[in-house]
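Only one structure is covered here, and it is reproduced in the block below.
This chain uses plain numbering: 1 for the first residue, then up along the sequence.
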Amino acid sequence: MDILQEHLACARASGGVFARSIAQPPWGLQLPGTIQLTVHTVVQGRAWLWLDDHDDAIELTPGDLVLVRGGRDHHIAHEPRAVCISPERFRELHTDDEHTDLRNATVFLCGAYRFAGDVGLGLIRTLPPILLLRTAANDPLHDVIAMLSRELSGPAPGQQTVLDRLLDVLLVLAMRAYFEQNPTAPAWYRAAKDSRLAAPLHAIHSEPGHPWTVPELASLSRLSRPAFARHFERALGQPPLQYLTDWRMTLARDHLRTGELTLAQIADRTGYTSPNAFAAAFRRHHGQPPGQWRRTELARPSEPIHGT
């Protein structure tokens, strides 16, 4: 009953950039807030990371993993008061650093992640602006970081595929660790661990096109209909059918953005008997018909993953 996996699959997360950097001090890098999610880890040496105020900088040591949510620019440097420059200028200045004495150098990995649609944005919003995870030697995250470092140490056949998969693993392990440790994890994540709600939640997420009823969902929970409805609303903050509708509309918005499906196909996948029934439900939910909503969304300029 893996709701996190279903969210990640719907979000179609993809790694846009992945780089291993070697920098001799002084060095500093400024990364734009237009990157939806950035992953950093230090392999050798140490680094400092902050958003707006260098007085709030956090120290990163080998094995630490940090996720930075998009929105504000962030900085990573050899010390909190270092001058930070663009990625392009950083590469120019530190291209030859790997050929110098590496004892004083910092070796660190940076990955940029892009998520598709509202499901992806919903996942990102569950994270704090900066999420720092300190890994122990026996932590799976530690092993993945070591594998990434080895893979990035030189070119190899099929390397981009390997990097993409390792970055996927790193992201899932980081999110899982955060959600397990944090009482403010998404309600759906906490509810999916409840044996009475796991099956109905999985059913809603995996089969949104099915005409679910409260009695059907209650039978999956092995609770009476009233007990299920009360328990679901306490855990998720809304009645079961409202949660189902919201999930269907989230998926519908993502389908509309991609333009890969017709309205009839979207209606079928989201549990509506006809395009007209879907359009009416969408209008009630969003205040405008799906075609108009899609045209407005497609007219919005897309944000580049590099911020350039």
Side-chain angles (χ1 to χ4, degrees), residues 1-13 36-37 67 69-71 115-131 171-172 174-257 266 269-272 277-278 280-288 290 293:
M1 307 302 180
D2 194 344
I3 309 299
L4 175 58
Q5 174 59 36
E6 289 169 4
H7 274 74
L8 287 166
C10 290
R12 292 179 292 179
Q36 290 182 330
L37 187 69
L67 304 184
R69 198 177 70 194
F115 290 80
D118 285 3
V119 178
L121 291 178
L123 268 179
I124 292 174
R125 291 188 187 112
T126 65
L127 301 173
I130 295 178
L131 169 59
L171 178 67
V172 174
M175 284 189 158
R176 182 196 296 168
Y178 174 66
F179 291 161
E180 290 291 335
Q181 298 167 10
N182 200 296
T184 61
W188 53 260
Y189 187 88
R190 299 194 306 272
K193 297 169 73 67
D194 185 325
S195 60
R196 295 163 294 183
L197 296 178
L201 265 179
H202 178 71
I204 287 172
H205 281 265
S206 62
E207 298 183 69
H210 182 82
W212 294 109
T213 63
V214 174
E216 261 190 303
L217 294 170
S219 69
L220 294 174
S221 73
R222 300 184 180 180
L223 294 172
S224 68
R225 176 179 172 174
F228 166 71
R230 287 194 302 271
H231 190 59
F232 190 101
E233 187 163 1
R234 279 199 300 268
L236 278 301
Q238 56 187 157
L241 295 188
Q242 183 60 54
Y243 183 92
L244 171 63
T245 298
D246 285 353
W247 178 239
R248 286 172 168 172
M249 289 295 113
T250 299
L251 296 176
R253 289 192 299 272
D254 286 354
H255 288 316
L256 287 168
R257 281 194 185 93
I266 296 174
R269 293 195 183 192
T270 54
Y272 296 94
F278 166 67
F282 193 92
R283 183 192 286 271
R284 285 195 301 273
H285 208 80
H286 299 87
Q288 57 184 322
W293 186 93

R196 side chain to H231 side chain, donor-acceptor N/O pair below 3.5 angstrom: yes
Does R248 use its side chain to pair, donor to acceptor, with the backbone of T270 at less than 3.5 Å? yes
Please work out whether the ring planes of W247 and H205 are parallel, tilted or perpendicular, with thresholds of 30° and 60°. tilted
Would you confirm whether H286, through its side chain, and F282, through its main-chain N or O, come within 3.5 Å as a donor-acceptor pair? yes
pair M175-L127: side-chain heavy atoms closer than 4.5 Å: yes
Determine whether L251 and I266 make a side-chain contact, defined as any pair of heavy atoms from C-beta on separated by less than 4.5 Å. no
Within 6.0 angstrom of R190 CZ, more than 12 heavy atoms from elsewhere: yes
Would you check if there is a donor-acceptor pair between the side chains of R253 and T250 at a distance under 3.5 Å? yes
Is there a side-chain contact between L217 and Y243, using heavy atoms and a 4.5 Å cut-off? no
State whether the side chain of R269 and the backbone N or O of P208 hold a donor-acceptor pair below 3.5 Å, judged by distance alone. no
How far does CE of M249 sit from CG of L256, to the nearest 0.5 angstrom? 9.0 Å
What's the separation between atom CD1 in I3 and atom OG in S206, rounded to the nearest 0.5 Å? 7.5 Å
Heavy-atom check, side chain of L67 versus side chain of Y178, under 4.5 Å: no
Please determine, by modelled atom types, if Y189 and E180 share a side-chain donor-acceptor pair under 3.5 angstrom. yes
Any donor-acceptor pair under 3.5 Å linking the side-chain atoms of E216 with those of H210? yes
With rounding to the nearest 0.5 angstrom, report the CG to CD1 distance, L236 to I204. 8.0 Å
How far apart are the closest heavy atoms of P240 and F232, and which atoms are they? CA-CE2, 3.5 Å
Does the side chain of W188 come within less than 4.5 Å of L4's, by heavy atoms? yes
Look at the rings of F278 and Y272 and say which category their plane angle falls in: under 30° parallel, 30 to 60° tilted, over 60° perpendicular. tilted
Between L123 and L37, is any pair of side-chain heavy atoms under 4.5 Å apart? no
Once you round to the nearest 0.5 Å, how far does CG of D118 lie from CZ of R125? 7.0 Å
Side chains of L121 and Q36 in contact at under 4.5 Å (non-hydrogen atoms): yes
Could you report the tightest heavy-atom contact between F179 and P186, atom names first, then the distance? CE2-CD, 3.4 Å
Tell me the closest heavy-atom pair linking A191 and A235, and the distance in Å. CB-CB, 4.4 Å
What are the two closest heavy atoms between S221 and A218, and how far apart are they? OG-O, 2.7 Å
Between L220 and W212, does a side chain to side chain contact (heavy atoms under 4.5 Å, CB included) hold up when you go through it step by step? CA-CA 11 Å; L220 294 174; W212 294 109; 4.1 Å; yes
Under 4.5 Å between any side-chain heavy atoms of L241 and P239, yes or no? no
